*Asks:* 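First the structure, then my questions, so here it is.
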There are 2 protein chains.
Amino acid sequence: MRKSTLEEVAAAAGVSKMTASRALRGVADVSKETREKVLLAAERLSYVGNRLALSLSSQRTNLVAVVVPSMSNIVFPEVLAGISAGLEGSGMQAVFGISDYDTAKEHTIIRDMLSWQPSAIVVTGLDQPQETVRMLQNAAIPVIQIMDLDGTPIDFNVGLSHGKAGEDMARALLAAGRRRFGYIGSALNRDLRACKRKAGFERVLNENGLGFVEQQIDDAFSSIALGKHLTQQMLAPAPNLDCIYYSNDDMATGGLFACMELGGSALGDILIAGFNGLDLALALPARIATSRSPRRTIGETAGKLAREAVAAGQPSPQKVFSFVPEITGVSALHPSRL
Amino acid sequence: MRKSTLEEVAAAAGVSKMTASRALRGVADVSKETREKVLLAAERLSYVGNRLALSLSSQRTNLVAVVVPSMSNIVFPEVLAGISAGLEGSGMQAVFGISDYDTAKEHTIIRDMLSWQPSAIVVTGLDQPQETVRMLQNAAIPVIQIMDLDGTPIDFNVGLSHGKAGEDMARALLAAGRRRFGYIGSALNRDLRACKRKAGFERVLNENGLGFVEQQIDDAFSSIALGKHLTQQMLAPAPNLDCIYYSNDDMATGGLFACMELGGSALGDILIAGFNGLDLALALPARIATSRSPRRTIGETAGKLAREAVAAGQPSPQKVFSFVPEITGVSALHPSRL
DNA sequence: ATGAAAGCGCTAACAT
DNA sequence: ATGTTAGCGCTTTCAT
């Protein structure tokens, strides 16, 4: 069965293409009778409009392009769900691409997405290579950079400072009496935001005459299993640690599981600290420290920005939307160790 | 800065639109000199082709529409990543939509996606309402229904039988000596596949003269926190159970955490059984039973099917791709209770 | 190897 | 309230 066109619907309804178009779109100045005739014809032919033609003709799309680095932990899916929610009711459609934390791939994906003439584009982070930035600037649409705040935005910026998140966590842990820190991370060469958190954390340690006593860093992407494995490696020689800072909650959860299996002092004495405030982390049977990243809200804000920037005569005057993650689960050192 | 068009590139290169088009696409019969002139001009104008025009003109898109019910646990993001991977290198682009387990919303989303004239469409499940099925059939493109196998597919079908998954898990648990079962689930009115698993499980229990001793079912969507909460509710009166079957691994993980906090007999004696085989479930500090759904593979298979159905002269002759989830973590009942 | 003409399906702008 | 004309930016087809 061939797809039917507006022309066929119009013919079936005995009106012109234009009248059929207006009736279908619910535009003013179509008599009730005519509208019903057209709607009926469309129904009978199971007509589905062709957005390619619509958008080409009207010079506008309802598309928002979104590029995220990964789908393998729950953080970015939540951002995407937030964007979808922020767009809901606006008639706009998010189109997603996954860069796998690869800047070359990201460039290609952005290029492909731009070729669909989206009305706005959301990209993750502020550290795109120059040629990607140039391409985004040339696109002449609102560019919304999300998650990170540490850098120079092209246009709109919604996120948090990961450097500061690391600093804040370090300060909170120091205030709780922690002094002997380990660090466990992964894929730091690709996950720049995890890097910035680590750098911020280390900055504060250094200011206090401290540093990481132990480090375990792996090239693979973060996962619970990897966090568990690296923690086992770190704790095997029974180092004198009272806290381990992880690159994120997945890794930290693995760390907690490792401690639970080791039992004894590992569990009680070493505070596990992560980042994200995943639902998982909050439901864990033992407390871990974490900073809650407002990823859903970041998505929603980006979605709303996109619709405003497109719909209204004038886009939002506010360019930067800054969030500060809330720190939870920081417990004081066990009295016996003070 | 206005977006430049092919015409402008052609003018800048001193050739016709057609030649520029051929040069840009790398089509045969363009002299090397000319090609380079065009490429240079395109580069200078930072030309990005307009896919709307391309697709309208050529009557084909590189789009694969994908509709999933949710992004709030890791299962569907993994399916999406699989689809992206299965499409990689084909030049095709996946476009995602989220239905929130709402069939009306699903209908609208599918309609919207079809208006972009995708080359294939991937939808979750086999239980779309009739009018949605009709719309899909009228679209005259390959329809790939994923995840579920229990029902009548429109065209291609990639997934597993959830009824059978429930049956198999029940048999495995019975074989391990379990007899007193509880059930904990959520959103069963919307998550039809969880329903089918429960029904299959119950079927086998009934065949063996058994049934669920206790049930806790909530309307909210599944989450670790909800699984934990419902488990606490179920275990508060200390019922005599040796196994709890959960609607999925998120719920089951919450159940395990509840047991860990309760400690004592709850932890050792009650086997927690879920569904999906999440990485999380496999790294947990105590074993839970689960069936590993091959969600990534399902996604990849769907992606490959889409590209084959579109690219090749003839699409895959195989219409149904059936997977059987592997069951792990079923432990025998503690000897003292036999 | 290159170009000109026609048209994809729709809407904007301008009649009537 | 309805219709007509032109054109969105590209590719297809047919010339040359």
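Proteins come first, then strands; the chains are lettered A, B, ... in the order of their sequence lines, and each starts at number 1. Note that the structure is a prediction, hence the values are computed from the model and not measured.
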*Asks:* To the nearest 10 degrees, how far apart in direction are the end axes of the helix from dA1(C)-dT16(D) to dT16(C)-dA1(D), each fit to five base pairs?
*Replies:* 30°

*Asks:* Given atom NZ of Lys17(B) and atom P of dA1(C), what is their separation to the nearest angstrom?
*Replies:* 22 Å

*Asks:* Taking atom P of dG7(C) as reference, at what distance in whole Å does atom CE of Met18(B) sit?
*Replies:* 16 Å

*Asks:* Looking at residues 50-65 of chain B, who's got a heavy atom less than 4.0 Å off DNA chain D?
*Replies:* Asn50(B), Ala53(B), Leu54(B), Ser57(B), Ser58(B), Arg60(B)

*Asks:* Ring centroid separation for Tyr101(A) and Phe221(A), is it under 6.0 angstrom?
*Replies:* yes

*Asks:* When you get a sec, tell me which of dT2(D), dT11(D), dT2(C) is the closest nucleotide to the side chain of Ser21(B)?
*Replies:* dT11(D)

*Asks:* Have Gln59(B) and Gln117(B) got a donor and an acceptor in their side chains that come within less than 3.5 Å?
*Replies:* no

*Asks:* Do the side chains of Arg22(A) and Asp29(A) get close enough for a salt bridge, i.e. N-O under 4.0 angstrom?
*Replies:* no

*Asks:* dG9(D), OP1 or OP2 - any side-chain N/O from Tyr47(B) closer than 4.0 Å?
*Replies:* no

*Asks:* Here's a test of your reading of the structure: between Thr19(B) and Arg25(A), which maps to the more 5' nucleotide of DNA chain C?
*Replies:* Thr19(B)

*Asks:* What verdict does the side-chain contact (heavy atoms from CB on, under 4.5 Å) test give for Ile146(A) and Val123(A), after you've listed the backbone C-alpha separation in whole Å, the side-chain angles of each residue and the deciding distance to 0.1 Å?
*Replies:* CA-CA 6 Å; Ile146(A) 58 169; Val123(A) 298; over 6 Å; no

*Asks:* Do Val143(A) and Phe156(A) have side chains that approach each other closer than 4.5 Å (heavy atoms only, starting at C-beta)?
*Replies:* no

*Asks:* Specify the separation, in whole Å, of atom NZ of Lys3(A) and atom P of dC8(C).
*Replies:* 15 Å

*Asks:* How many Å lie between CG on Leu24(B) and P on dG9(D), as a whole number?
*Replies:* 16 Å

*Asks:* Distance check needed: dA15(C) P versus Asp29(A) CG, whole Å only.
*Replies:* 17 Å

*Asks:* Looking at Glu78(A) and Arg296(A), does any basic side-chain N land under 4.0 Å from a carboxylate oxygen?
*Replies:* no

*Asks:* To the side chain of Val30(A), which of dA12(C), dC10(C), dT2(D) is closest?
*Replies:* dT2(D)

*Asks:* Find out whether Met147(B) and Phe76(B) are in side-chain contact, i.e. whether some heavy atom of one side chain is under 4.5 Å from a heavy atom of the other.
*Replies:* yes

*Asks:* Can you find a pair of side-chain heavy atoms, one from Val64(A) and one from Pro118(A), that are under 4.5 Å apart?
*Replies:* no

*Asks:* Can you find a side-chain donor-acceptor pair between Arg25(A) and Ser21(A) that sits under 3.5 Å?
*Replies:* yes

*Asks:* To the nearest angstrom, how far is Arg22(B) atom CZ from dA4(C) atom C1'?
*Replies:* 11 Å

*Asks:* Please give, in whole Å, the distance from dG9(D) P to Glu7(B) CD?
*Replies:* 9 Å

*Asks:* On DNA chain D, nearest-nucleotide positions of Thr34(A) versus Leu6(B): which is more 5'?
*Replies:* Thr34(A)

*Asks:* Does Ser31(A) make a side-chain N or O approach to OP1 or OP2 of dT2(D) shorter than 4.0 Å?
*Replies:* yes

